[in-house]
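In what follows, chains are A, B, ... by sequence order, proteins preceding strands, each numbered from 1.
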Amino acid sequence: MLEWIVLNKELLKIFYLLVVGLICTIIVLKSHKLFKLSMHQGIRYFRNAFFFYGIAFLIRYFLGALYHQGNISSVYYGYAVNVLFEYFLVMAGFFLLYSLLWKRFEDLESPHLSSLLNPIITIFYMMALVIVFLDFIGQTHNLMFISQIIIFAFAIAISYKNYLDNGTKGKFLKFYFIAMVLSFITWTLNFIASPIFNWSQGILMSVYGLNLIMFILFLYGVVKITK
Amino acid sequence: MAKKRERLQVIRDILKAVQTNRAIKPTRLLYNSNLSPQMFKEYINELISKNFINLDIDKKEKKTFSLTKKGQEFLQEYKSIENFIENFGL
């Protein structure tokens, strides 16, 4: 089974992209509809998270696939794809965490018209730029991995608390917590895949699999609640 | 003491009052909304600017509020919005 997966790796990556891209599109469209009606900032940041995830995966696997298949030869193109992928992925993580925290920082009665005018979001944009720049200089993804591990560690704590406080009212809160745990494991595996497992194909396939389960969980929640 | 209503609950209550009363006068809507006059004015201005309600003025210059299609859509989707916020901890 693992041999088959390794042999058909590129095809599976494209399939993975299509599935994740479709999931993100559905989540963004459904949450955007609710946001336009409610102007609720939490829904906005949740929508933004999956918008950025969608863009990140599109860049990495679609544009990246063109590069790896030799359709585009410029090494700078390869660098650009990696940098953009990392930037949008980091921002997606920030938005997902902030969707859980925004009430502690913002005035509920006077929502920001645009996230660009929100100083906290501006800080996220700056932090993402710094992370991406330093990773680019060091030719690694370590800072991205570490930032996401920290983000999802916090998200686990917050989502667990939400589940304890409101689990009877919000049935999906349990799955949200599970999704955060899966994301944390995924990022940790990503981080240790090179130094400990020497980029083992089995570990990398597990990362893809866990990631896919996380996105499917969110899709399940969004579709069930908005039907 | 009664718990302070969330912003979306206030909007729902106002829109429900407009929906129930069809063409409702400002004073009656203020009374139904359970808001201070200042807060009421802020919410009404927001709801008009975002096209949830219309302010209609007749030939005798009497003002009434009516629900728009977007306002009706909000009321239909309110439960989904509330569930979404609850279930994703937003």
Side-chain angles (χ1 to χ4, degrees), chain A residues 27 30-31 33-47 49-50 95-103 106-111 113 155 157-177 179-180 217-218 220-227, chain B residues 1-20 29-30 33-54 65-90:
Chain A
I27 290 174
K30 284 191 175 283
S31 51
K33 183 184 169 190
L34 296 186
F35 170 67
K36 287 302 280 184
L37 285 173
S38 64
M39 299 303 285
H40 189 272
Q41 295 299 90
I43 299 177
R44 165 188 255 157
Y45 299 130
F46 180 87
R47 176 205 65 184
F50 285 92
F95 270 120
L96 197 61
L97 179 64
Y98 193 62
S99 71
L100 299 172
L101 289 172
W102 72 278
K103 279 184 179 172
E106 293 187 28
D107 179 2
L108 300 183
E109 298 300 325
S110 307
L113 289 173
I158 297 166
S159 59
Y160 186 63
K161 186 175 181 310
N162 285 341
Y163 169 61
L164 288 178
D165 291 345
N166 301 305
T168 44
K169 275 198 294 180
K171 303 285 181 212
F172 185 73
L173 287 171
K174 175 175 62 180
F175 294 108
Y176 195 111
F177 167 68
M180 294 299 99
L217 271 175
F218 272 107
Y220 166 73
V222 168
V223 168
K224 194 165 167 25
I225 290 162
T226 59
K227 66 176 178 194
Chain B
M1 188 185 280
K3 191 180 161 191
K4 189 183 171 190
R5 286 179 294 172
E6 299 267 352
R7 178 180 158 272
L8 286 180
Q9 284 174 315
V10 173
I11 290 173
R12 184 216 38 199
D13 291 346
I14 293 174
L15 293 182
K16 243 191 143 34
V18 176
Q19 184 188 48
T20 307
L29 185 57
L30 169 63
S33 69
N34 283 318
L35 292 170
S36 67
Q38 188 190 346
M39 287 307 299
F40 175 76
K41 195 177 171 188
E42 283 180 25
Y43 272 102
I44 290 300
N45 285 340
E46 184 184 348
L47 290 172
I48 291 173
S49 68
K50 290 186 177 146
N51 200 30
F52 283 100
I53 58 175
N54 280 327
F65 293 109
S66 59
L67 203 63
T68 63
K69 194 177 166 192
K70 191 174 175 185
Q72 280 172 2
E73 207 184 336
F74 177 92
L75 288 173
Q76 282 164 6
E77 296 287 348
Y78 179 77
K79 201 66 195 154
S80 285
I81 293 168
E82 203 181 34
N83 280 340
F84 198 93
I85 293 165
E86 242 167 39
N87 279 280
F88 288 101
L90 303 177

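Contacts classified as salt bridge (Lys or Arg N to Asp or Glu O under 4.0 Å) and involving residues 69-78 of chain B (residues at least two apart or in different chains) are given here: A/Lys33-B/Glu77.
Across B/Asn83, B/Val10, B/Leu8, B/Ile85, the residue that shares the most heavy-atom pairs under 4.5 angstrom with chain A is B/Ile85. Among A/Phe218, A/Tyr163, A/Phe175, A/Phe46, the residue making the largest number of heavy-atom pairs under 4.5 Å with chain B is A/Phe46. Ranked by non-hydrogen atom pairs under 4.5 Å with chain B, the options A/Val222, A/Asn162, A/Asn166 are led by A/Val222.
Only the side chain of B/Phe52 comes within less than 4.5 Å of a heavy atom of chain A; its backbone N, CA, C and O stay farther away.
Considering only heavy atoms from C-beta on, A/Glu106 comes within 4.5 Å of A/Tyr98 through its side chain.
Without hydrogens or angle criteria, B/Thr68 side chain to B/Asn51 main chain gives a donor-acceptor distance under 3.5 Å.
By the side-chain hydrogen bond (donor to acceptor under 3.5 Å, both in side chains) test, A/Lys161 is found to be paired with A/Asp165, residues two or more places apart in sequence or in another chain being considered.
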